[in-house]
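Read the structure below first, then the notes.
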Number of protein chains: 2
Amino acid sequence: MTSESAANIDSASDLSTVELPDIPATAWAVLGLLGFGRELSGYDIKQWADAILRFFYWSPATSQIYTELRRLQDRSLIVSRDVPRADGRDKRVYRITPTGIDALEKWQAETDAEPPILKHGLLLRIWLGHLAQPDRLREQIRVHQERLRLELAAALLSEERAHDQPEWAYPELVARWTCRRIESEIRLADDMLADLDDLAAGSGID
Amino acid sequence: MTSESAANIDSASDLSTVELPDIPATAWAVLGLLGFGRELSGYDIKQWADAILRFFYWSPATSQIYTELRRLQDRSLIVSRDVPRADGRDKRVYRITPTGIDALEKWQAETDAEPPILKHGLLLRIWLGHLAQPDRLREQIRVHQERLRLELAAALLSEERAHDQPEWAYPELVARWTCRRIESEIRLADDMLADLDDLAAGSGID
DNA sequence: CGTTGCATGTAAGGTGTTACATGATTAC
DNA sequence: GTAATCATGTAACACCTTACATGCAACG
């Protein structure tokens, strides 16, 4: 499949001169974190993913992040550099390359987002509500709501941090979306509690 | 760790006399589908998962379903039976056992739902909006909205099908929740489009 | 003086997907 | 006749997690 030269490459635009790397979704997410141009360590990336990415994507395991960093470096999408720390040991930081930025832009321009995936264990349990104690379901929903309130606080914070910094305009939009989404989920949980009450009143007490 | 006899098993309730099976989340979902008491083939389960489960959980690959069915059968949570079809070949149908129902009830009573996971590729792309063409983002959001409208129609249908059938009371609640959630996501996408307009007006045209 | 945070990685194994194979029936 | 649906399964592999190993610094 390797062509003899670069001559027959379709070059309608800058982006089509580079091949779109075939890397898993997690690799794109990690590359994306580096796409803001900062030098980050694997540890930094994990912290950032835990703080923000988990709200709308998910946070991969630490070891997975190191695996993806190696993969990205193999494809020259990022470069690494060892910086000495106070304690004498080295810390490895990664930076995106121009090739990496091209790849991200090509990914944005030419590939479609896959349909969102929601894996909501609580809803599965409610769906199978005939096999649960009603109070147990309510308890789980309230636990869920409390988690949502904590997440809302964290999302509001991340929105404030991004506010008015032009570099973070898009992350700010996503933070706003996230806040609204969490608020909506809290209401949805309230509605569910009300529906469960109706169900109990309609068939349980007669 | 195996005790010499059953004598020292904590038996505060019926459920504690059985061990909670250690099976993956997908196995619980498949067992749950069989938890309504119907005899289902692997194919039926896949169809059902695609039709309903995907809205709040996700639909495993067909081959994965067969793997989980084997696992569940190994643990006696389900039994299978070959029914001859018109063409002479057999069709294998599965049915939940009393042990399986106990396991589901114990699972409901004693384990907590894991935090919901959202993997929203579109939001990742917006988050990295500085590397995309603005029109491209809008286009992707509209594609997303159209998909949501199709899903809403499907979810409304599944709500209607469940309506007034007492056996499907809980699935109906979940279908209602799903409809509201999708409606909310459509609004969220509208808000995002408006926010993108504001962003373009604020910094792009000056 | 123990825990938490910083920091990187390996090893093993489980989970899940895609591609493929098979073959009948029904619909266009 | 050819595509789609019904129907089950294997093989290969990709993805991802958990558990573990290591070791310093800072905090209480």
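Here is the naming used below: chain letters follow the sequence lines, and residue numbers restart at 1 for every chain. Just so it is clear, the values below take in all heavy atoms, side chains as well, and ignore hydrogens, waters and symmetry mates.
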Shortest side-chain distance from A:Gln47, nucleotide among D:dT10, C:dC6, D:dT8: C:dC6
D:dG9 phosphate, OP1 or OP2, under 4.0 Å from B:Arg92 side-chain N/O: yes
Rounded interatomic separation in angstrom, taking CG from A:Leu69 and P from C:dG9: 9 Å
Partner of A:His120 by ring pair (Phe, Tyr, Trp, His ring centres under 6.0 Å), out of B:Phe56, B:Phe55, B:Trp177, B:Trp58: B:Trp177
Check: A:Ser63 side chain, D:dT18 base, donor-acceptor under 3.5 Å: yes
B:Gln64, nearest nucleotide to its side chain (from C:dT17, D:dA19, D:dC16): C:dT17
Residue from B:Phe36, B:Trp168, B:Tyr57 passing ring pair (Phe, Tyr, Trp, His ring centres under 6.0 Å) with A:Trp127: B:Phe36
Side chain of B:Tyr43 - closest among D:dT8, C:dC6, D:dG9: D:dT8
Candidate pair B:Ser41 and B:Asp44, rule side-chain hydrogen bond (donor to acceptor under 3.5 Å, both in side chains), full reasoning: CA-CA 5 Å; B:Ser41 68; B:Asp44 294 334; 3.1 Å; yes
Residue-phosphate contact under 4.0 Å: B:Thr26 side-chain N/O, C:dG16 OP1/OP2: yes
Distance below 4.0 Å between A:Ser41 side-chain N/O and C:dT8 OP1 or OP2: yes
N/O (side chain, A:Tyr66) to phosphate O (OP1/OP2, C:dG9) under 4.0 Å: no
